[in-house]
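Ligands are counted one by one from 1 in listed order, and the atoms in each one are counted from 1 as well.
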Amino acid sequence: MILNFIDGEYREGRSGRSFDDINPVDGSLIAKVSEAAREDVDDAVRAARRALCGPWAALKLAQRCDLLYAVAAEIDRRAEDFLAAEVADTGKPRELASHLDIPRGAANFRVFADVVRNVATETFIGHAPDGKPALNYALRRPKGVVAVVCPWNLPLLLMTWKVGPALACGNTVIVKPSEETPATAALLGEVMNKVGIPKGVYNVVHGFGPGSAGEFLTTHPDIDAITFTGETRTGAAIIRASSAGVKPVSMELGGKNPAVVFADADLDVVMAGLTRSVFENTGQVCLGTERVYVQRPVYEAVVQRLAEVARQLKPGRPDDPAANFGPLISAEHQQKVLSYYQLARDEGGLAVAGGGVPGMPSDLARGAWIEPTVWTGLQHDSRVAREEIFGPCCAVIPFDTESEALMLANDTPYGLAASVYTRDIDRAHRFAAALRVGIAWVNTWFLRDLRTAFGGSGASGIGREGGVHSLEFYTELSNVCIKLHGESQ
Ligand code: NAD
Ligand code: 6OD
């Protein structure tokens, strides 16, 4: 049974209910998960408040950071355990999780401990009306008890991307992991206890959204801030719920991200980028590419090469050395993605690769498998080219001019990420600057520096995290103004 982690202890939820944690590779049961009741969320909030005002607040900054470095080291030491848990929950290739998810889980503690140790606050020396000097300086205080609501696609990476900076800033947290992927958040409790993080600093409550732990947590009157990653619709519901208590929110939401390939691009670089941005993690990355605009002279070449990549991907178990492509997260998500595969046909799209469910051996037949898919023939304004699918698929659409490409790329309510492929350095800067997104990559994709601002525009979110921007969300600035009355000598 996967348990809630409250006040430093693993506990069964008082709902008396449990739900299934399913392995998407074969539909088998990994574990039962104990669902938190409202009373458990109340307990977690009380524990987090006690720790916030007690042992956590009593630590000096350097001591707090040392504990976070120890958390990172312990995640590294237990990498195999985290890997096993993450891979079972998501079905993703072990190779991917071992290079991306688990090391980022550790880095998210290390980097933000570094950031808080090195950040300065502003100081101004001004003058009062009588001409005496006035010294102003800012203090950063933790925001308080922070609710962290997480999705299932990169569970440890995205959870620690919030928990790392929140704790580094002196907050305490209550995490609500996705019901699809509860394991690594629960395991992290062991790490917290092992390295001596005071009880109540890190708490985990399991359950669903409405009528369950997600709602109980985000509507709780005694939390101080909510940081959320997930669907735009869910984000909107949480913003509505949070408005009653006027809680600060950070929202990292959905995307419908474009890649723009100019005819002068190095097509090997393009293919390396698109292979990852369309298909990695079975397309379940918020930053992933689902719209590929290609300048007409290289359109056919890109379509053919991308279709070939899609055909070569080999679905299979996470630890199968011959496989490099996992299932979708669940049968339910598979049905959603397949509904878009049908819609693409209805909208006149041609699947030049994929378009359905792959034949799998009998031991994998109950998994949430899907074919990597490339469409041509879809209009830019078709639903398939406008709505977030969150699957391993893209529409490839030709363009002629740079201004047309910019109009197409920006013509979306979302604004999370984009990638541009060109060898023309002037165009690279010009085009990247004109994209209405939180992050624009040139000749690459998902290359992250955690000191930089990260977030989305429009329907892709509110706020920026990363580096000092995380501090803006996880701390409250107080200004101290001191009038200096003495005469200068
Ligand atoms: P989701 O919105 O369905 O669920 C996210 C979390 O919210 C889950 O823990 C869920 O239980 C909880 N939840 C659902 N309804 C709730 C409610 N009413 N109140 C409180 N909590 C609630 O998202 P998902 O399906 O888990 O993840 C996929 C989505 O996340 C995609 O849209 C993807 O683009 C987005 N995403 C965005 C980013 C980003 O950085 N912008 C990163 C990863 C994923
Ligand atoms: O790299 C990150 O910090 C981040 N938030 C990535 C989001 C990926 C979305 O699936």
>> So that I can tick it off, tell me whether Asp320 and Lys314 are bridged by a salt bridge, with the cut-off set at under 4.0 angstrom between side-chain N and carboxylate O.
In response: no
> For ligand 2, is Gln284 a contact, meaning one of its heavy atoms is under 4.0 Å away?
Replying inline: no
>> Minimum heavy-atom separation for Ala409 and Leu435, please, with both atom names.
In response: CB-CD2, 3.7 Å
>> As an exercise, identify every atom of ligand 1 less than 4.0 angstrom from a heavy atom of Cys150.
In response: 5 (C), 6 (C), 8 (C), 9 (O)
> Going by the angle between their ring planes, with limits at 30° and 60°, are Trp152 and Phe390 parallel, tilted or perpendicular?
Replying inline: perpendicular
> Think Lys32 forms a cation-pi with Phe19, using NZ or CZ under 6.0 Å from the six-ring centre and within 45 degrees of its axis?
Replying inline: no
> Which of the atoms in ligand 1, numbered in the order shown and given with their element, are less than 4.0 Å from a heavy-atom of Pro177?
Replying inline: 9 (O)
> Which protein heavy atom lies closest to atom 25 (O) of ligand 1, and at what distance to 0.1 Å?
Replying inline: Trp152 NE1, 2.8 Å
>> Test side-chain hydrogen bond (donor to acceptor under 3.5 Å, both in side chains) on Glu371 and Tyr341; report intermediate values, then the result.
In response: CA-CA 10 Å; Glu371 283 181 336; Tyr341 282 20; over 6 Å; no
> Is the NZ or CZ atom of Arg345 positioned over Trp375's six-membered ring, under 6.0 angstrom from the centre and within 45° of the axis?
Replying inline: no
> Which residue supplies the protein heavy atom nearest to atom 41 (N) of ligand 1, what is that atom called, and how far is it?
Replying inline: Leu253 O, 2.6 Å
> Which of the atoms in ligand 1, numbered in the order shown and given with their element, are less than 4.0 Å from a heavy-atom of Leu158?
Replying inline: 42 (C), 43 (C)
> For residues Glu12 and Ser34, is any side-chain donor paired with an opposing acceptor at under 3.5 Å?
Replying inline: no
>> Quick check on contacts: which atoms of ligand 1 are under 4.0 angstrom from a heavy atom of Leu416?
In response: 41 (N)
>> Under 4.0 Å from a heavy atom of Phe208: which atoms of ligand 1 are those, numbered in the order shown and with their elements?
In response: 11 (O)
> With Ser212, which of Lys176, Arg38, Glu179, Glu35 fulfils side chain to side chain donor-acceptor pair (under 3.5 Å)?
Replying inline: Glu35
> Taking the six-membered ring for Trp, are the ring centroids of Trp445 and Tyr421 within less than 6.0 Å of each other?
Replying inline: no
>> Can you check which of Phe228, Phe216, Phe454 brings a heavy atom nearest to atom 7 (O) of ligand 1?
In response: Phe228
> Does ligand 2 have any atom that is closer than 4.0 Å to a heavy atom of Glu465?
Replying inline: no
> Going by distance alone, is a donor N or O of one side chain under 3.5 Å from an acceptor N or O of the other, for Thr227 and Glu465?
Replying inline: yes
> Do Asp42 and His220 have side-chain N/O donor and acceptor atoms under 3.5 Å apart?
Replying inline: yes
>> Polar contacts were defined as any N/O atom of the residue lying under 3.5 Å from an N/O atom of the ligand; does this apply to Cys286 and ligand 2?
In response: yes
> If you count the atoms of ligand 2 from 1 in the order shown, which ones are under 4.0 Å from a heavy atom of Phe446?
Replying inline: 1 (O)
> Which residue holds the protein heavy atom closest to atom 23 (O) of ligand 1, what is that atom called, and what is the gap in Å?
Replying inline: Glu231 N, 3.4 Å
> Just which atoms of ligand 1 are under 4.0 Å from any heavy atom in Lys176?
Replying inline: 8 (C), 9 (O), 10 (C), 11 (O)
> Which of the numbered atoms in ligand 2 are below 4.0 angstrom from a heavy atom of Leu158?
Replying inline: 4 (C), 5 (N), 6 (C), 7 (C)
> Does Leu450 approach ligand 2 within less than 4.0 angstrom via side chain, backbone, both or neither, non-hydrogen atoms only?
Replying inline: neither
> Is Thr229 touching ligand 2 with its side chain, its backbone, both, or neither, if touching means heavy atoms under 4.0 Å apart?
Replying inline: neither
> What is the closest protein heavy atom to atom 21 (N) of ligand 1, and at what distance does it sit?
Replying inline: Gly214 CA, 3.6 Å
>> Checking Asp81 against Arg78 for the salt bridge (Lys or Arg N to Asp or Glu O under 4.0 Å) test, could you report, in this order, the C-alpha distance in whole Å, the side-chain angles of both residues, the deciding distance, and whether it holds?
In response: CA-CA 5 Å; Asp81 298 336; Arg78 295 196 58 185; 2.8 Å; yes
> At what distance is the nearest protein heavy atom to atom 15 (N) of ligand 1, and which residue and atom is it?
Replying inline: Thr234 CG2, 3.2 Å
> What do you reckon, does Ser178 put a non-hydrogen atom under 4.0 Å from ligand 1?
Replying inline: yes
>> Could you check whether Trp161 and Phe454 have their ring centres less than 6.0 Å apart?
In response: yes
> Which atoms from ligand 2 have a heavy atom of Leu154 less than 4.0 Å away?
Replying inline: 8 (C), 10 (O)
> Contact between Pro210 and ligand 1, counting heavy atoms under 4.0 Å?
Replying inline: yes
> In the protein, which heavy atom is nearest to atom 19 (N) of ligand 1, and how far is it?
Replying inline: Ile238 CG1, 3.8 Å
> For ligand 1, which atoms sit closer than 4.0 Å to a heavy atom of Val149?
Replying inline: 6 (C), 7 (O), 9 (O), 12 (C), 21 (N)
>> Give me the residue, atom name and distance of the protein heavy atom closest to atom 10 (C) of ligand 1.
In response: Glu179 OE1, 3.6 Å
>> Could you walk me through whether Asn171 and Lys143 satisfy the side-chain hydrogen bond (donor to acceptor under 3.5 Å, both in side chains) test, starting with their C-alpha distance in whole Å, then the side-chain angles of each, then the deciding distance to 0.1 Å, before giving a yes or no?
In response: CA-CA 6 Å; Asn171 300 281; Lys143 215 126 208 170; over 6 Å; no
> Protein heavy atoms: any of them under 4.0 Å from atom 4 (O) of ligand 1?
Replying inline: no
>> With heavy-atom distances below 4.0 Å as the criterion, list the atoms of ligand 2 near Glu252.
In response: 5 (N)
> Short list, please: which atoms of ligand 1 are under 4.0 Å from a heavy atom of Glu252?
Replying inline: 37 (C), 38 (C), 39 (C), 40 (O), 41 (N)
> Which atoms of ligand 2 are found less than 4.0 Å from any heavy atom of Arg448?
Replying inline: 1 (O), 2 (C), 3 (O)
>> Less than 3.5 Å apart, any donor N or O on the side chain of Asp89 or Thr181 sitting next to an acceptor on the other?
In response: no
> Does Arg14 come within less than 4.0 Å of Glu39, counting only side-chain N to carboxylate O?
Replying inline: no
> Are a donor atom and an acceptor atom from the side chains of Asp114 and Tyr69 found within less than 3.5 Å of each other?
Replying inline: yes
> What's the verdict on salt bridge (Lys or Arg N to Asp or Glu O under 4.0 Å) for Asp7 and Arg46, showing C-alpha distance, side-chain angles and the deciding distance?
Replying inline: CA-CA 9 Å; Asp7 208 10; Arg46 271 193 295 270; over 6 Å; no
>> Only heavy atoms of Asn153, strictly under 4.0 Å: list the atoms of ligand 2 that pass.
In response: 9 (C), 10 (O)
> Of the protein's non-hydrogen atoms, which lies at the shortest distance from atom 4 (C) of ligand 2, and what is that distance?
Replying inline: Phe454 CZ, 3.6 Å
> In the protein, which heavy atom is nearest to atom 31 (C) of ligand 1, and how far is it?
Replying inline: Glu388 OE1, 3.5 Å
